[in-house]
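So the structure is just underneath, and the comments pick up after that.
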Amino acid sequence: EEPPSCPTPLRSSSCSRGPPFCPLAKVPHDVRQRYVNLFVEEFLKTSVTVQDAFEKALAEEKTVYDRSINKLKYLSVAVNALKRLKNQSSVSVKGGNLQQLSECILNCFLITCNSIILLNMLWWDRCKQRTFWLSFSFSAEGDVALYDSLKEHILSEEILTENNYPLQHPEKSGSAILYREDYKKGITDPLKRICCRCGATYSVNQVGKHTRKEECNYHYGKGVEKKVPGGVETRYSCCEGVAGCPGCQVFKLHVHDAVSLDGFVSTLPRPASDKGCPGVFSVDCEMCYTTQGLELARVTVVNSSLQVIYDTFVKPDNDVIDYNTRFSGINEADVKGTSSSIRDVQETLLSFVSAETILIGYGLESDLCALKLLHGTVVDTSVSFPHRLGLPHKMTLHNLTADYLRRIIQESVGGHDSAEDAAACMELMLWKVKEDGKTKRW
C-alpha cells in the first residue's frame, strides 16, 4: 500500500530541494535526497539552467520511487538510472576522437612521471586471455606525500588479527595462520566439507574431489532485514525470497571457500641504503572455486596515478569446479589461456613490493590469502570507511564508491573487474587523504 502523500517542507535554499518528506515512506527521505543530489549533478552537465536540472532530477527520482516497492528495489532502480544518466552525459566525450584523447592521457602521465628511467610494456591479448606488465623505475616523488598521509591509516597488528589477515605461522616456515578460523565451522573430518553456498555437508576423497555428484540449490544474494508490521523479516537480495525458501540458483556440485595456508611468501624489508619512497599500490584479486577451495584466478595492481601496472589471469594449482563468473568475471577461456601460476605472480610482486610498501584494497585479507602473501603494511578501505554499526558489518565497495566518489561500479552483467575495483580503492583513499587535509588545516 502506498504511504500517504506529504507536503514538501519549506527549505532555506532552492539548492536543497528534494523529494517530499514523509516519516512513513517506503524509502527513507535521506536516501531519496541523496539520489536527487546525484541526479542533479548529472543533469547539470546537459541542462541550460540550474532550475531545469533540479526539475529534471526531481522528476527522475519520482519515477524511480514510483517503480519501487521497497528500499532495496529503490536502490537497484536508482543505481541503474544514475548509470544511464552518466552514460548520456558522457556521449560528447565518447563521440570525440578517442585516439587523441588516449594519447593526451598517456602524455600527461609521462610528463607527470618525468623521471622515468625505464618503461617496458608487454601486452598479450587474445580472446580476453591477457598478461599485462608495466614495469618502471622512477623517483616516486609524487608518492612521498601520499605515503606519509596514509601512514595513519595503516592497520595495526591488532586490527590485522581482528580482520582475519594471514599472519606468519609461529612454527611453520612458509605457512600462515588465521586467528579467526571460523571458516572451518566445526568440521573435524578431513574428508568432509561444508558448502559455502547452501550449507550442506558433503564428502570428498583424498585429493578433494566429490565422492558423488549432488546438485547445489542456493541463493547468491545476501539476506536483508526489513521492518514489517509486527517485527522484522529477512529476504534474499537476489530474488526477494523469504529467508529459508528454496534456492533460486542451481549448480551441478557443492563448493567450499577454505584457503590453503601453505606456500606463503613474505615481502622483504628494503636495504638500508634505499632512501626512496617504498611505493603505494592498490591490489584486487578474483578467485574461483577448486577442489581445494578458493584459489587465485586474476590479480590487478594499480598505482597512485590510477594506472594498471600489473594484470594477469592465473592458472589455479587444482581442478576448477566453478569459475564463479557472476562475481569474478572470470571464465574457462581466461584461465585455460594463461600459463601464469601463483608462484609467477608472487615473484613479480616481490620484485616491486617491499615490506614497507603500502598496499591498499577492500577486505584485503582475502586477496592476500589468495596471493599467499604475508604483508603487514596495509590500508583497508573497509576499515578506513567503517560501517555505522561497527564490526562485523562492513559497507560494500559498491556503496563506498557510490557514496564518496559518486560513481557506480560492479554493474557489469559479466561480473566484477579487478582493475575497476583496485582503482576504486585507490581513489577512495586519495579522497580520504584530501578530506583529512581539510580537517587538519582547521
Side-chain angles (χ1 to χ4, degrees), residues 1 26-27 64 67-80 181-205 208-259 286-295 297 318-332 363 366 387 389 392-399 410-416:
E1 184 179 358
K26 57 189 175 184
V27 180
V64 171
R67 289 179 55 194
S68 308
I69 60 174
N70 54 33
K71 179 183 175 182
L72 187 64
K73 181 64 175 178
Y74 176 90
L75 291 174
S76 176
V77 176
V79 163
N80 287 328
E181 296 183 284
D182 51 354
Y183 68 89
K184 290 184 177 180
K185 301 177 182 176
I187 288 288
T188 56
D189 188 338
L191 299 181
K192 295 287 186 182
R193 301 286 185 270
I194 293 182
C195 179
C196 60
R197 287 173 168 170
C198 70
T201 300
Y202 63 100
S203 300
V204 297
N205 59 22
K209 293 186 176 182
H210 297 67
T211 55
R212 67 188 183 92
K213 291 186 177 181
E214 184 178 326
E215 284 189 345
C216 175
N217 194 272
Y218 69 99
H219 293 279
Y220 67 85
K222 294 181 179 180
V224 179
E225 290 186 347
K226 176 187 173 183
K227 290 183 180 180
V228 295
V232 176
E233 71 173 8
T234 301
R235 290 183 176 272
Y236 295 108
S237 60
C238 49
C239 63
E240 287 288 326
V242 179
C245 71
C248 60
Q249 302 291 311
V250 177
F251 188 68
K252 59 184 178 181
L253 293 170
H254 296 296
V255 294
H256 68 101
D257 55 3
V259 292
E286 302 295 349
M287 284 77 84
C288 60
Y289 292 107
T290 74
T291 54
Q292 297 302 314
L294 282 176
E295 290 192 52
N318 298 282
D319 293 340
V320 176
I321 298 174
D322 186 6
Y323 292 93
N324 200 28
T325 306
R326 181 191 301 276
F327 296 105
S328 71
I330 306 292
N331 58 45
E332 184 177 6
S366 300
H387 194 285
L389 297 179
H393 303 282
K394 290 186 177 183
M395 290 186 67
T396 65
L397 182 58
H398 179 280
N399 288 342
Q410 300 176 343
E411 282 292 291
S412 171
V413 295
H416 293 187

What is the minimum heavy-atom distance between [X] and [Y], and which atoms define it?
| X | Y | result |
| --- | --- | --- |
| Ser203 | Lys192 | OG-NZ, 2.9 Å |
| Val242 | Tyr236 | O-CE1, 3.5 Å |
| Ile321 | Phe251 | O-CZ, 3.3 Å |
| Val255 | Asp322 | CG1-CB, 4.4 Å |
| Asn324 | Met287 | CB-O, 4.3 Å |

Would you say the side-chain atoms of Arg197 and Gln249 include a donor-acceptor pair closer than 3.5 Å?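 Side chains of Arg197 and Gln249: no pair found under 3.5 Å.
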Excluding sequence neighbours, so at least two apart, what forms side-chain hydrogen bond (donor to acceptor under 3.5 Å, both in side chains) with [X]?
| X | result |
| --- | --- |
| Thr290 | Glu295 |
| Thr234 | none |
| Thr201 | none |
| Gln292 | none |

Enter the distance from [X]:[atom1] to [Y]:[atom2] here, rounded to the nearest 0.5 Å.
| X | Y | atom1 | atom2 | value |
| --- | --- | --- | --- | --- |
| Arg193 | His256 | CZ | NE2 | 5.0 Å |
| Glu215 | Lys213 | CD | NZ | 10.5 Å |
| Glu286 | Thr325 | CD | OG1 | 10.5 Å |
| Leu253 | Thr291 | CG | OG1 | 11.5 Å |

Holding to ring-ring contact (aromatic ring centres under 6.0 Å, His included), I want the full list of residues that pass it with His254, two or more places apart in sequence or in another chain.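 Partners of His254 under the ring-ring contact (aromatic ring centres under 6.0 Å, His included) test: Tyr202.
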Could I get the full list of side chain to side chain contact (heavy atoms under 4.5 Å, CB included) partners for Ile69, not counting sequence neighbours?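 Ile69 satisfies side chain to side chain contact (heavy atoms under 4.5 Å, CB included) with Lys73 only.
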In chain order, what residues pass the side chain to side chain contact (heavy atoms under 4.5 Å, CB included) check against Lys71, with sequence neighbours excluded?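 Applying side chain to side chain contact (heavy atoms under 4.5 Å, CB included) to Lys71 gives Pro28, Val31, Leu75.
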I would like to know whether Cys288 and Val320 meet side chain to side chain contact (heavy atoms under 4.5 Å, CB included); could you show each step before the answer? CA-CA 7 Å; Cys288 60; Val320 176; 4.0 Å; yes
Pairing residues for [X] by the salt bridge (Lys or Arg N to Asp or Glu O under 4.0 Å) criterion, not counting sequence neighbours:
| X | result |
| --- | --- |
| Glu214 | Arg212 |
| Glu332 | Lys336 |
| Lys209 | Asp319 |

What's the verdict on side chain to side chain contact (heavy atoms under 4.5 Å, CB included) for His398 and Val79, showing C-alpha distance, side-chain angles and the deciding distance? CA-CA 10 Å; His398 179 280; Val79 163; 4.0 Å; yes
Under 3.5 Å, side-chain donor or acceptor atoms of residues 216-229 against the rest of the protein: list the pairs with distances, not counting sequence neighbours.
residue: Asn217; atom: OD1; partner: Gly247; partner atom: N; Å: 2.6
residue: His219; atom: NE2; partner: Cys245; partner atom: O; Å: 3.1
residue: His219; atom: NE2; partner: Pro246; partner atom: O; Å: 3.0

